[in-house]
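Lettering of chains follows the sequences in order, A, B, ..., and the numbering in each one begins at 1. Quantities reported herein were computed from a predicted structural model and do not represent experimental measurements.
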Amino acid sequence: MKKRLMDLAVIGGGPAGLAAAIEAKKQGIDKVIIIERDNCLGGILQQCIHDGFGLHRFGKRLSGSEYADNCIVEAENEKIEVAYETIVLEITAEKVIYAMSSDEGIVEYHCKTIILAMGCRERTRSQAFIWGTRPSGVLTAGTVQRYINIEGYLPGKKAVILGSGNIGLIMARRMPLEGMSVEGVYELMKSPGGLTRNISQCLVDYDIPLHLSTTVVRIHGQQKIEGVTVAEVDAKRNPIKGTERYIECDLLVLAVGLIPENELTRQLHIEIDSKTNGPRVDENFMTSMNGVFACGNVVTVFDLVDYVSQSGEIAARGAAGYIQGSLKLKEEYTDITPGENVSFVVPQRIRAGNLDSGLPLYFRVKSRDENVVVTAIAGDCVCYRKKHRIVLPPEMLVEELESSSICENAGKNGIIINVTGSVV
Amino acid sequence: MKKEFTCIVCPVSCNLVVEDTDGVLSVSNNQCKRGMRFGENEFKNPMRMLTTTVKITGSTVKRMPVISSDEIPKDRLFELVEMLYKVTLKSPIQRGGIVLKNIGNTGVDIIATRTIKSKIREE
Ligand SMILES: Cc1cc2nc3c(=O)[nH]c(=O)nc-3n(C[C@H](O)[C@H](O)[C@H](O)COP(=O)(O)OP(=O)(O)OC[C@H]3O[C@@H](n4cnc5c(N)ncnc54)[C@H](O)[C@@H]3O)c2cc1C
Ligand code: SF4
């Protein structure tokens, strides 16, 4: 078995892993490797051919592939080593990575630090609880995206989309351009899962109807899908009798949400936050295991790839500090917890002593509200306060706390993030 | 004539109302100037970016993702996409390379958004 000694191994070569590896090199870490199971870098972005990426980071609206290319070129300039077609199978508590490579078989990487950047994957049919037969032609939106945009293969002629998440909306727009028809988008909840902008430019532009409080209750067909039955649902999300409608189709597209990909993290017994389904991380995106960091969608599903890259850089600076021994690891953690109308906060805890400048907090609201104020409260001290015109669950909020504003109270009481309504 | 649009310029997603009184447009419900501009354009001549893929041979990758160099009239999207589906590229192609110049006399070029080498991972 081949054995390698590394300062830092980054698992996953998507935008998070790329940003982490590039920043690590800039921080002076010498032996850096990206381990990627695919035959190219860029991760999910390679199949996101639409534009709208990188407004924050590159100041330009790029397509997903252009954003990926920017990162790949930078990684090439930094001469970062990449192990392609290599999948990480196991990580041990001693920071030994076992990976299977198409060229070299099993390879063992002994690492000083590890950054987890495996991204997220989509919820599947079993996670959406749909009854009926098990025919072919039921695919997740991301799989459809990969078929059409990368493989150049059309998986059907007439599609029904279940779920109004952004990837489903993006694909609703994509399919008509490829000569496929989209009968409609069905959403269980009473409000759409994706951004209002995407409802407008992906559905309204292409005359695709959106049916809220409606879901697919049955799939028909033996070998190949022949149709679905949809029904409206009541306030408890139970189908309403008499509202069932049969729709003929040869493709059911599932856009029912994303979950961070954390099998490796769980194997390592790293603490997982039940609200994000990702590892609990600190101000450096370090997990509960010293020297193991995480960034990008493995931590929580970020909306904007710009934030994904940012988290990669934070993790890399943390890894550099860990290797150089400058990271304070003894200080007690201060918890950051979601308060009123907040569903989660990343990072979940901090060591104020490790902060040199600002601390970005990434979080989402539970429900839509207008004229709100975001506050960070430590005991009876308000360390942060900002007004927002409108807040929506599909739109992640990012607020930067000044490290000097995090007062002593925080240590004892923890910090609570609230989004409270009706400021005048 | 009165029309309603969702402003897609920023996440606030204002519900714009555009009214045409004898050729003079007035936008309301917008919360900023960018929304006013979007509303006027959307009323007169809605424009969109075009992104799709084009066939490419000579590589393990089968489709080249492309983007328009600028926005094009929304109602010509399908017609222009048809023109692109007649194109077959041959690798290698660099990102930024022009796939089709001045597509359908719009003054807009169609650009490759990814570098595709002849064999992937070839130096
Ligand atoms: C189908 C889909 C469509 C999306 N569309 C959009 C969009 O339109 N706009 C947007 O802003 N965001 C979109 N996203 C979110 C998108 O994932 C992020 O913007 C961004 O790509 C996340 O970057 P990442 O590096 O965290 O993860 P990824 O891009 O997913 O990269 C993770 C990488 O890790 C590799 N990997 C995973 N496990 C292993 C392992 N065990 N061993 C080796 N390598 C491994 C994967 O092959 C992959 O290359 C989409 C996500 C999905 C799933
Ligand atoms: S009008 Fe202004 S504030 Fe409203 S959505 Fe458009 S750009 Fe945003």
I67(B), I111(B), V66(B) screened by side-chain contact (heavy atoms from CB on, under 4.5 Å) with S63(A), the one that passes: I67(B)

Applying the side-chain contact (heavy atoms from CB on, under 4.5 Å) test to L177(A), which of T51(B), V81(B), L80(B), L84(B) qualifies? V81(B)

Between R174(A) and chain B, which part of the residue has a heavy atom less than 4.5 Å away: side chain, backbone, both or neither? side chain

Specify the closest pair of heavy atoms between T53(B) and N149(A), including all atoms of both residues, with the distance to one decimal. CG2-O, 3.6 Å

Rounded to the nearest 0.5 Å, how far does CZ of R389(A) lie from CD of Q31(B)? 3.5 Å

Answer yes or no: is there a side-chain heavy-atom contact under 4.5 Å between R114(B) and I72(A)? no

Which region of P394(A), side chain (C-beta onward) or backbone (N, CA, C, O), has a non-hydrogen atom less than 4.5 Å from a non-hydrogen atom of chain B, or is it both or neither? neither

Here the pair of heavy atoms bringing R63(B) nearest to I150(A) is CG-O, 3.7 Å

Test item: T115(B) and D69(A) side chains (from C-beta on) under 4.5 Å apart, heavy atoms: yes

Which heavy atom of K117(B) sits nearest a heavy atom of E76(A), and at what distance? NZ-OE2, 4.3 Å

Between T52(B) and E178(A), what is the shortest heavy-atom contact and its length? OG1-OE2, 3.6 Å

Go through S65(A), A68(A), G64(A), G52(A) and name the one with the most non-hydrogen pairs under 4.5 angstrom from chain B. S65(A)

Heavy-atom pairs under 4.5 Å with chain B, option from L55(A), T196(A), D205(A), V73(A) with the top count: D205(A)

K74(B) atom NZ, neighbour heavy-atom count above 12 within 6.0 Å: yes

Ignoring hydrogens, what is the shortest heavy-atom contact between C7(B) and R197(A)? Give both atom names and the distance. O-CG, 4.4 Å

Under 4.5 Å from a heavy atom of chain A, the part of F5(B) involved: neither

Contact origin within N198(A) toward chain B - heavy atom pairs under 4.5 Å: neither

Region of E395(A) in contact with chain B, defined by heavy-atom distances below 4.5 Å: side chain

Taking all heavy atoms of Y206(A) and all of L77(B), pick out the closest pair and write down the distance. OH-CD1, 3.3 Å

Measure the shortest side-chain to side-chain distance between T6(B) and I199(A) over non-hydrogen atoms and say whether it is less than 4.5 angstrom. no

Hey, is CZ on F43(B) packed in by over 12 heavy atoms from elsewhere, all under 6.0 Å? yes

For I148(A), which atoms come within 4.5 Å of any heavy atom of chain B: side chain, backbone, both, or neither? backbone

